[in-house]
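Computed from a prediction, not measured in an experiment: that's the story for all the values here. Here is how names work: the chains are called A, B, and so on, in the same order as the sequence lines, proteins then strands, and each is numbered from 1.
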2 protein chains.
Amino acid sequence: MAKESAGGAASAEYDPHAFPPFAVTADVAVFTQTRQGLEALLVERGEDPFAGCWALPGGFVKPEESLDEAAARELEEETGIRGGAYLEQLRAFGAPDRDPRMRVVTVCYVAVVPRLPKPEGGGDAARAELVPVSRVLSGRVKLAFDHREIFRAALEHVRTRLEYSPIATAFCGDVFSLTELRAVYEAVWGEELDPANFRRKVLGIPGFLEETEGTRQWQGRGRPGKLYRKGKAQRLDPPFRRAG
Amino acid sequence: MAKESAGGAASAEYDPHAFPPFAVTADVAVFTQTRQGLEALLVERGEDPFAGCWALPGGFVKPEESLDEAAARELEEETGIRGGAYLEQLRAFGAPDRDPRMRVVTVCYVAVVPRLPKPEGGGDAARAELVPVSRVLSGRVKLAFDHREIFRAALEHVRTRLEYSPIATAFCGDVFSLTELRAVYEAVWGEELDPANFRRKVLGIPGFLEETEGTRQWQGRGRPGKLYRKGKAQRLDPPFRRAG
DNA sequence: TCAAAAGTGTTAATTCTACACCCATGT
DNA sequence: ACATGGGTGTAGAATTAACACTTTTGA
């Protein structure tokens, strides 16, 4: 086999077929927030290996699509959500023995969606369900392959991004009250935040939120809150730091 | 082709050969600091496509090695550095047309090494050279494939990590003075830092630095500084924030 | 009118920043 | 001794955290 890189330094000869073939998949860790708190979308495997275990939704990258497109397609197939959702690559996982059948490199993505319409597999998935993140972390949910490791990395990614990106708004609908947004931070970080200070901090970040005219109606007792929309900022500067 | 994922939901049948074959490479963006400031290691391509262009060092992932191992191997082949260097995955790049010859997914790594012994290719590379980062960013260096995009992402990664990880110490040798460490931040961020405040900030981060007995001898005029070693901390908490 | 949540104000503690100043060393 | 960089001190500014207080609504 040629030692030479496809993208690296020069070598004497090049044989377009002299490379070890890999399967490449795109897996997506989909997070959302429900009454139960932070939840993730998992699918139950119907066959070996790991039959009966749960796995992140995903599938082969097609020959003509990019990695991002593959992830977006998988997300849509599983959730029906086309665009607008937060979708970002985490990283690739490729231990030689991560799939006992063949050499598979999986490129993992993190997706954040507002309250999922319903946990129904897009058509072919055996069973897709929203599972509380705490249940996965506690080990009560058996995950296939190295998906436990991936899941942990994905969750850590979301927790970190909450400080520096507007990712938190992706958990909410088109418009949302500050209390709803605060609930996202509290659910993901697992700690309570002072409503007054939260308001000032979050409104003080330029481009993070955009004011709207509306107010929340439905919510019962207490004064309704103003509604906000996601702003144009791509990065939170200054970041919304978690308590230190 | 099976729609089914190797790691995803269940399907009726499984054919171990029904997946589109990809080539998978590991590319490494190697950064170091020299008298000229921040520099990166690039290799010159000797053949098409992109003959005469520069590229990140890299090569095929072997069937039996992990992605991390492949990156570490490439790093060693190009720099002679075995361990101890900072090496972390950035992310995968896999646009369908990024290599005109075939479908290649490259898993990119960022490496940070202390002053490179000498820019000699580990044996087979046509020409490996340290190139000032500013020259690459200015577009005066032609990069092959999508390596310009990768390079930019890698540099941004280093700049960001400087705040939250002890990556800055990887630019220095085994022991280093605070001035040497500060020079790293100044080179990567391109802004001057107050020596007094830098000292307090950096020494105030638990586990970041470890005091040693020695002092810098060689440096000429001025009082020699104490030498420090990298501490055990994996994350900088509180982070060393860049000026806002 | 009472409870609950939205929203504003205030203050003490903490952290930054800028810069003055002393210390140690090579020339 | 003097120039240069290491290292400490410190005062004002800016930020933060905690919580009191007022406003608006549903019940």
Side-chain angles (χ1 to χ4, degrees), chain A residues 35 162-164 168 172-173 175-187 189-206 208-229 236-244, chain B residues 33 35 162-164 168-169 172-173 175-187 189-206 208-229 236-244:
Chain A
R35 268 65 50 181
L162 225 50
E163 293 191 20
Y164 312 111
C172 302
V175 295
F176 46 85
S177 69
L178 291 188
T179 298
E180 293 172 272
L181 186 65
R182 178 165 47 87
V184 170
Y185 282 88
E186 292 177 335
W189 284 346
E191 59 187 276
E192 299 219 324
L193 299 172
D194 182 296
N197 295 335
F198 178 84
R199 147 182 303 277
R200 269 184 296 252
K201 238 180 181 177
V202 94
L203 291 180
I205 300 174
F208 185 15
L209 297 182
E210 210 172 85
E211 206 169 344
T212 73
E213 296 306 314
T215 55
R216 262 283 166 263
Q217 305 296 344
W218 45 273
Q219 72 201 21
R221 28 207 151 305
R223 169 176 170 178
K226 284 208 186 71
L227 291 179
Y228 294 83
R229 222 192 319 273
L236 265 40
D237 191 35
F240 185 91
R241 318 252 337 123
R242 60 197 298 184
Chain B
Q33 197 192 15
R35 268 65 51 182
L162 226 50
E163 293 191 19
Y164 312 111
T169 60
C172 305
V175 295
F176 47 86
S177 69
L178 290 189
T179 298
E180 293 171 272
L181 186 65
R182 179 165 47 86
V184 170
Y185 282 89
E186 292 177 334
W189 285 346
E191 61 186 273
E192 300 218 324
L193 300 173
D194 183 296
N197 295 335
F198 178 84
R199 147 181 303 278
R200 271 184 295 251
K201 237 179 180 177
V202 93
L203 291 180
I205 300 174
F208 185 16
L209 297 182
E210 210 172 85
E211 205 167 347
T212 74
E213 296 306 313
T215 54
R216 261 283 166 265
Q217 305 297 343
W218 45 273
Q219 70 202 18
R221 28 205 150 305
R223 169 175 169 179
K226 285 207 187 72
L227 291 178
Y228 294 83
R229 223 193 318 274
L236 264 42
D237 191 33
F240 185 90
R241 318 255 332 127
R242 61 198 296 183

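In this structure, A:Leu203 atom CG and C:dG9 atom P are separated by 14 Å, rounded to whole Å. D:dT16 atom P lies 12 Å from atom CD of A:Glu163, rounded to whole Å. In this structure, B:Lys226 atom NZ and C:dA24 atom C1' are separated by 11 Å, rounded to whole Å.
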_Treating primed atoms plus P, OP1 and OP2 as sugar-phosphate and everything else as base, which nucleotides of nucleotides 21-27 of chain D get B, S or - for protein heavy atoms under 4.0 Å?_
--BBBS-
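Separating the CD atom in B:Glu213 from the OG1 atom in B:Thr215 is a distance of 10.0 Å, to the nearest 0.5 Å. The CG atom of A:Leu209 lies 10.5 Å from the CZ atom of A:Arg199; values are rounded to the nearest 0.5 Å.
In this structure, A:Trp189 and A:Glu163 approach most closely via the heavy-atom pair CZ2-CG, 3.5 Å.
Residues forming a salt bridge (charged side-chain N to carboxylate O under 4.0 Å, His left out) with B:Arg229 (at least two apart in sequence, or on another chain): B:Glu210. When the salt bridge (charged side-chain N to carboxylate O under 4.0 Å, His left out) test is applied to A:Glu211, no partner is found at least two apart in sequence or on another chain. Among residues two or more places apart in sequence or in another chain, the ring-ring contact (aromatic ring centres under 6.0 Å, His included) test is passed with B:Tyr228 by none.
Residues from residues 179-186 of chain A that place a heavy atom under 4.0 Å from any atom of DNA chain D: there are none. Proximity of residues 191-201 of chain A to DNA chain D (heavy atom under 4.0 angstrom from any strand atom) is restricted to A:Asp194, A:Ala196, A:Asn197, A:Arg200, A:Lys201.
Judged by distance alone, with hydrogens and angles left aside, the side-chain atoms of B:Glu191 form no donor-acceptor pair with the main-chain N or O of B:Arg242 at under 3.5 Å. The backbone N or O of B:Leu162 sits less than 3.5 Å from a side-chain atom of B:Tyr185, completing a donor-acceptor pair. In terms of modelled atom types and a separation under 3.5 Å, the side chain of B:Glu186 and the main chain of B:Leu193 share a donor-acceptor contact.
Checked against a 6.0 Å centroid threshold, the rings of B:Phe208 and B:Phe240 do not count as neighbours.
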